[in-house]
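Both backbone and side-chain heavy atoms feed into the values below; hydrogens, waters and symmetry mates do not. All figures in this text were calculated on a predicted structure; none of them were measured in a lab.
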Amino acid sequence: MRLYLNEKPRTFVITTSTHALVIRHPNPTYKHRSLRNFLHGHKHNKDNGKDSSKVLVEFVLKDFINLSAFRDVTPKNSKLIGFLGLLSLKNKIYLGFITNDDFVASPTADEKIYRILGTEFYCLNNDEYDYLLNRNYESLGHLESERVKYPASSVRKLLSSGAFYYSKQFDITSTIQERGFGRTDFRLIADSAYFEQFHWNKFMLGELLEFRNRLTASEQKQIDQSGFLTIIVRGYAKTVNTQIGGEEAMMTLISKQSCAKEGPLFGDWGCDGNGYVSNYLESEIVLYTDKFCLSYVLIRGNAPMYWELENSFTTKGLLAANGKKILFPRSFEASQEAFVRHIERIAIQFGDVHIFNELSNKSYKGVLNASLEEQIKYFVQHREQSALDFRLSYTHLPIPAARVRKLWYTAQNPYDIVATFANSAVNFGALFYENSSNTFIGKQLGVFRINSFDSLNKANFLSKVISQEVIKLAFQDIGIDLERELYTKHAKLWEENDRQITKMVMNYVSYSDKLKTSTQSHASSVKTHIKKNYLKGVVDTTKPNELALLKLLGRLQDQQAITLHNPLHDYVARELSSRQKEFTSQLQISVFASTFNVNGTVYEGDIDSWIYPTDVKHDLVFLGLQEIVELKPGQIVNTDLRNKTQWERKILGCLSKRDKYMTMWSGQLGGLVLLLFVKESQVKYVSNVEFTFKKTGLGGVAANKGGVAVSFKYSDTSMCFVSSHFAAGLSNDEERHHNYKTLVKGMKFTKNRRIPDHDVVLWVGDFNYRINLPNDQVKPLILQKKWGKLLEFDQLNQQMASGESFPFFAEQEILFPPTYKFDNGTKIYDTSEKQRVPAWTDRILYKSRQNAIKPNGYNCVQNIIFSDHRAVYAVFEVTVKIVNYAIKKSISNQLYESYKLKHGELQDIASLSFDVGKKIIDYDNDNLPPPSTDKEKWWLKDGKPAKVTISALNSERNDLVINPWHPINPFVRTNEPEFVPLKELQGMLT
C-alpha cells in the first residue's frame, strides 16, 4: 500500500497493486495565504463550518489514474499496512494508517490476527503539517518530537500501544460461529446489532463502510481484500501450540472490549439507556487441528443497571471504613428497561443466557447484589412481555479472592464451582466443526454472562474454569483425553488475558477507587466527588489517555462525523426524502412540561392540581425545578440531593395514581433539577438518553444559576428538554440575555450537537425576566386582567420580538397572572421592603422542525402557594416519526441500483469536477494576476480603480435627480424614467 499527495487541489490517493482509493476535501485550507486561497474562497481559510466534515471519495482501478503529478509520501522507514479511516478533530480531518504490526494469533489455519504497534496520521484538509510528509525528514532525528505536537498524536499513541488488533482475512469483531467455515471472502459483520459494539474505529470508518456497501459485489470484494477499510478491536489475542490426541493443535484466546456504552466505558459504573455496560468483554477460546475446530464464547461485564460508586475519605486523605457507597441515580423501572435491553441483545445473538453473579453479600457490594437480584426476579416474573423465546438461568456464587489465587493454576477444576454450571454447560454445547467432512458436530446454543464488581480478576477466573470444563466435556464426547500440558497452557492464556485487560481498564478508568494516602490525592478525590455531585451521570474526562480514547470514538463535543459528499448519495437522499411516506408513519404523543421555583422547600401537601391539571395521562412528563435547596455558600459547591430525591418520589407517586410511569432521567446542578418521566407503555420508543449542563453563576463558576438539558430520541424524532435559572434583578435583563447565549452555545452533547440541533425543543425555567413598569401601574392591570398590556413591557417578550434571546422559539399566549413574587403561603404579591414588581419570571418556550409541536394549553397553578413563585405548566401534542428501517433500506438499495444502471456503473463521485491525474494549475508560479482589493479588481485592465459610471448623470445636464416613483425592482416594467429634472420633481411635490 502506498500513499500519494497532490497539493492543488489537495487530494490523497491510497494505492495497492490493482486499485486506488481517492480522497479529497472540497475546501482545503493552507498555512500560507496566496491567490489559491482567493480562488478557493476566503471563507475556506476558516477552520470551521459544516463543510469541514465533507469528504469526496472514489474507489477505482489503479490503471485509471495518472500519478505523475502526485508526490509519493509513503513513509520511508515503515510501510502502510491498512487504512483505519478518517478522524475528525478540531475541524481538521486526518487519514489514519497502520504502519507496524506483529503477528500474534491464528484461530484457524487460514486466519491471522495482528497486534497494531505503529500508526500514522495525515491531514486531509490542511497543509500545516506537510513538512512531516517529507520522507527525508526522518533522518533529521526530530520527527518524533515534532509528531507529539501533531493534533492527532494522542490517538496515534493510543492505537500504537499494543492493545488493538486486526485481521486481513476476516472481520475481527466476529466469532467463528458467526462468520462460519469454508469462506474465502471477507464478510463484513461489524455493522450487525451485536458485533458493532466491538468496532473501535467505527467513528473513522462509518461513512466509508456505507460507501463500500453501495459498491457492486465484485468491488466490495476488492476493497475488503485491499486493506482499504481495516476494522480494529481492543483487548487481547494470542495463540499457543499444544497437542490433542497426539496431533499438533493451536489454542487461541481472543478477548474484545465493548466501546458502545455512553459515558464511562470502564470503572465502577453500570449501564446506559441502551443496556450497554461498563467493562463489557467477550472472550472466545478456540482449539484447532487439521481434523476439527472447537470454539466457545463467554461474556462478562458490570451489573446491567443504573449504578455508580461513591467514595468517602477522612480528613487525612484515607478511605474511611465502609466509606464506599452504591448510588442508584435512576429508578428501578428505568433500570429494568435497560436490563431487558441488555439481556435481550445477548439472547438474540446467543440464545439461552445463564447469569453468573460473583458479587459479595457484604457491604456496598451486597447492596448492589441485592438490587441486581431484584431486577432478575422482576424480569423472570414478567417474561410474558418479552417477544423473545429464550431461557434465563441465574447463579449467585461469591468466590473469595484468596481462593481465586489458590486455584488459578490447578489442572483439576473445583467440583463445587463446576456443579453450579454443569447443566447449563451441557445444554449450551459448543461449536464443534469437523474439517474433513465439513460438518458441524455441535453449535453453541447459549452463553454464560458473568459479572463481579469490576468484572476483572474474579470474572476472568470463572471464565477460565467454565472454558476448561467445556473443553474437557467436548473432547470426552469424541473419546479424547486431554494432556495436563494443555490445561496448563490454557490457564496461562487466561492469566495473561487477565493481566492485559486489567491494565487496560485501570489505565483508562474514569474514576479509580484506589486508596488515597496523601493530602494531594485526597484533594483530588474530594474534587472528583464534588464534580460528581454537581450532576449525577456526567463524567469529567480530564485524563489525557481517556481523552485520546474519546477522540478515537468521536465522543468529544467538538467532533463532527464525516459525511461523504457525492452525486449518488445526494440523489438517494433526495429521493428518500420525497418517498418518506413509504417507510415513515406518524404518532401523536402528549407532553406535559412544567417549571416551578420551589424556594428550597419540599411540599408536604397535595400536588394533583399541578401534575394533573386535566384528566389527560401524558406520555412524557418533563419538570424543571429551581431552588430545590437553599443555596448557601456550601450548597453551591457540594449539592444536597435529599430534596431532589423527595420531590422525585412525590411526583412519581402522584403520576402513578393514574398510570404506570418511570423516571427516565433525573439530574441536579446546584439548586436546579431536571426530571423526565415516561409512561411505561412508551419506554420502548425512548433511546439515546444523554445529559449535559452549564453553570452561569458568578461568571460560570457557581451552580446557583445555569442550565441542565436532556437529549433523547423518541423513535426517530430527536428531542431536547432544557431547564434553566437565569440572573435575578429588574435591571439585569442584559445579563439574562447573556445567560441564554452562554447556555445555547455552551451546552453540548456528543458529536457536537447543541440544543437547536433537535427536532423538538422544550425550554422551561425561572428566566427571571421582569416587567418594565412600576408597581402602581402593574397591580391595577393585574386586577383588570389586561395581560396583553403587561406583556408589552415584559422583558422576555421584548427580547424575543427583537430576535435577541430565544430566536425561533415560541410561547403560548399568557392568560394568567404574573407568577412572582408572592409572600410565602399567601396569594398576596410581595409586601416586603423591596416591594418587588410582579412578573412572569417562570416561562415555557418551544420550537420544532416541520411544525411537530401543537400547543394545547398554558397556565399556572394558583392554589399551591407554599413558595414565592407559582408553578407554570404547558401541554403539547408532539408529532413523532416512526421509521420502518427494513423498508427504508430496501428502497435505498433500489435507488442505488437504478442510478447505476442509468448512468452506466458510475462511481460515486466520478461526475464531480475534478479529474485525478490531470495537470493542476500552480496558482503561485503560473503568471496569474494578483488578488483583488477593495480599490482594484484583477478583471479590470491595467489595474484601473473600480468605479461605476452612470451615463445620464455624466451628461452635460447637472439638474437631474433620482425619480422617487421609479420602481425599486429593476425587473418591473415601467414608463417612469430613472432620473427627472429637479424643478419638475419640486413641482410635482407641491
Side-chain angles (χ1 to χ4, degrees), residues 107 175-177 235-236 251-256 279-287 294-303 343 346-347 349-359 390-401 403-432 442-477 482 484 486-498 501-502:
T175 60
I176 289 179
Q177 181 159 309
Y236 171 83
M251 180 164 53
T252 304
L253 178 58
I254 306 167
S255 289
K256 300 170 295 190
N279 298 347
Y280 189 82
L281 186 83
E282 179 192 273
S283 296
E284 180 181 17
I285 188 76
V286 181
L287 287 168
L294 170 71
S295 166
Y296 194 74
V297 178
L298 302 108
I299 55 178
R300 71 196 207 211
N302 289 6
I343 296 298
I346 295 171
Q349 181 59 39
F350 295 101
D352 294 342
V353 181
H354 187 145
I355 298 177
F356 231 120
N357 175 24
E358 295 184 274
L359 285 169
F390 69 96
R391 183 171 55 211
L392 179 68
S393 307
Y394 173 72
T395 299
H396 182 215
L397 184 67
I399 305 175
R403 194 176 186 208
V404 171
R405 291 190 295 270
K406 181 179 180 181
L407 297 175
W408 191 260
Y409 289 108
T410 57
Q412 184 66 39
N413 271 339
Y415 175 78
D416 60 326
I417 295 178
V418 172
T420 61
F421 66 79
N423 289 337
S424 290
V426 172
N427 293 332
F428 291 168
L431 174 68
F432 215 129
K443 287 190 174 182
Q444 185 172 345
L445 303 176
V447 69
F448 286 98
R449 198 285 186 202
I450 304 166
N451 73 269
S452 59
F453 183 71
D454 56 12
S455 299
L456 293 174
N457 183 258
K458 289 184 179 181
N460 190 78
F461 169 74
L462 186 55
S463 299
K464 172 254 178 186
V465 171
I466 296 174
S467 170
Q468 180 175 319
E469 190 66 19
V470 169
I471 292 171
K472 184 180 73 172
L473 292 173
F475 284 101
Q476 280 180 353
D477 283 347
L482 299 176
R484 182 184 183 89
L486 183 143
Y487 292 128
T488 302
K489 289 185 176 180
H490 175 264
K492 287 183 177 179
L493 274 178
W494 281 101
E495 183 199 20
E496 189 174 312
N497 178 76
D498 179 56
I501 298 300
T502 300

A.B. asks: Can you tell me if Asn460 and Arg300 form a side-chain donor-acceptor pair at under 3.5 Å?
C.D. replies: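 On atom types as modelled, these side chains qualify, holding a pair under 3.5 Å.
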A.B. asks: To the nearest 0.5 Å, what is the distance between OH (Tyr280) and CD1 (Ile346)?
C.D. replies: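 The OH atom of Tyr280 sits 4.0 Å away from the CD1 atom of Ile346.
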A.B. asks: Using only atom types and a distance under 3.5 Å, with no angle test, would you say the side chain of Ser455 pairs donor to acceptor with the backbone of Gly301?
C.D. replies: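 Yes, the answer is positive, given that a donor and an acceptor are paired below the 3.5 Å cut-off.
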A.B. asks: Any side-chain heavy atom of Lys256 within less than 4.5 Å of one from Thr175?
C.D. replies: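 When only atoms from C-beta onward are counted, Thr175 and Lys256 do touch, with a gap below 4.5 Å.
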A.B. asks: Is there a side-chain contact between Ile450 and Leu298 (heavy atoms, below 4.5 Å)?
C.D. replies: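 Counting from C-beta outward, Ile450 and Leu298 do come under 4.5 Å.
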A.B. asks: For residues Asn427 and Asp352, determine if any side-chain heavy atom of one lies less than 4.5 Å from a side-chain heavy atom of the other.
C.D. replies: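 The answer is no; the side chains never approach within 4.5 Å.
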A.B. asks: Look only at the side chain of Glu358 and the backbone of Ala459, and say whether a donor-acceptor pair between them is shorter than 3.5 Å.
C.D. replies: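 Side chain of Glu358 to backbone of Ala459: a pair is present.
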A.B. asks: With heavy-atom distances below 4.5 Å as the criterion, would you say the side chains of Phe432 and Asp477 are in contact?
C.D. replies: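 No, every pair of side-chain atoms sits at 4.5 Å or beyond.
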A.B. asks: Measuring from atom OG of Ser463 to atom CD of Glu282, what distance do you get when rounded to the nearest 0.5 angstrom?
C.D. replies: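 Ser463 atom OG to Glu282 atom CD measures 11.5 Å (nearest 0.5 Å).
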A.B. asks: Can you tell me if Asn279 uses its side chain to pair, donor with acceptor, with the backbone of Asp454 under 3.5 Å?
C.D. replies: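 The answer is yes, because a donor-acceptor pair under 3.5 Å joins these two groups.
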A.B. asks: Looking at Lys492 and Glu495, is there a salt bridge between them, counting it only when a charged N and a carboxylate O are closer than 4.0 Å?
C.D. replies: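 The answer is no: the pair does not qualify as a salt bridge.
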A.B. asks: Can Asn457 and Thr502 be said to form a side-chain contact (heavy atoms from CB on, under 4.5 Å), step by step?
C.D. replies: CA-CA 8 Å; Asn457 183 258; Thr502 300; 5.5 Å; no
A.B. asks: Please report the closest heavy-atom contact between Val286 and Pro107, naming both atoms and the distance.
C.D. replies: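 Heavy atoms only, the tightest pair is CG1-O, 3.4 Å.
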A.B. asks: Quick check for you: to the nearest 0.5 Å, what is the distance between Ile501 atom CD1 and Leu281 atom CG?
C.D. replies: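 One finds 5.0 Å between CD1 of Ile501 and CG of Leu281.
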A.B. asks: In Å and rounded to the nearest 0.5 Å, what is the CD to OH distance from Gln444 to Tyr296?
C.D. replies: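 Rounded to the nearest 0.5 Å, the CD-OH separation comes to 5.0 Å.
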A.B. asks: Is there side-chain contact between Gln177 and Val297, with at least one heavy-atom pair below 4.5 Å?
C.D. replies: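 Contact flag for Gln177/Val297 side chains = no.
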A.B. asks: Going by atom types only, do Tyr487 and Gln468 share a side-chain donor-acceptor pair under 3.5 Å?
C.D. replies: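 Per modelled atom types, Tyr487 and Gln468 side chains form no pair under 3.5 Å.
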A.B. asks: side-chain contact (heavy atoms from CB on, under 4.5 Å) with Glu469: which of Val418, Ile417, Val426?
C.D. replies: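 Testing Glu469 for a side-chain contact (heavy atoms from CB on, under 4.5 Å) against Val418, Ile417, Val426 leaves exactly one candidate, Val418.
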A.B. asks: Using a 4.5 Å cut-off on heavy atoms from C-beta on, say whether the side chain of Gln349 contacts that of Val447.
C.D. replies: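 No; the side chains remain at least 4.5 Å from each other.
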A.B. asks: First locate atom CD1 of Ile299, then atom OG of Ser255, and finally report the distance between them rounded to the nearest 0.5 Å.
C.D. replies: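 Going from CD1 on Ile299 over to OG on Ser255, the span is 12.5 Å.
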A.B. asks: Measure the acute angle between the ring planes of Phe448 and Phe356, then classify it against the limits of 30° and 60° as parallel, tilted or perpendicular.
C.D. replies: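 Tilted.
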A.B. asks: Can you tell me how far the CD1 atom of Ile355 sits from the OG atom of Ser424, to the nearest 0.5 Å?
C.D. replies: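 If I round to the nearest 0.5 Å, the distance is 11.5 Å.
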A.B. asks: Measure the shortest side-chain to side-chain distance between Ser283 and Trp494 over non-hydrogen atoms and say whether it is less than 4.5 angstrom.
C.D. replies: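 Ser283 reaches Trp494 side chain to side chain.
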A.B. asks: Shortest non-hydrogen contact from Thr252 to Ile254?
C.D. replies: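 Smallest interatomic distance, heavy atoms only, reads CG2-CG1, 3.8 Å.
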A.B. asks: Give me the atom names and distance for the closest heavy-atom approach of Leu359 to His396.
C.D. replies: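 Smallest interatomic distance, heavy atoms only, reads O-NE2, 2.7 Å.
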A.B. asks: Taking all non-hydrogen atoms of both residues into account, name the closest pair between Pro400 and Lys458 and its distance.
C.D. replies: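 Scanning both residues, the minimum pair turns out to be C-CE, 4.3 Å.
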A.B. asks: For residues Ile343 and Phe390, determine if any side-chain heavy atom of one lies less than 4.5 Å from a side-chain heavy atom of the other.
C.D. replies: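 In short, these two side chains touch, coming nearer than 4.5 Å.
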A.B. asks: Can you name the nearest heavy-atom pair linking Asn413 to Val465, along with the distance?
C.D. replies: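 Closest heavy-atom pair between Asn413 and Val465: ND2-O, 3.0 Å.
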A.B. asks: Which heavy atom in Phe453 sits nearest to a heavy atom in Asn302, and how many Å separate them?
C.D. replies: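 Closest approach of Phe453 to Asn302: O-OD1, 3.6 Å.
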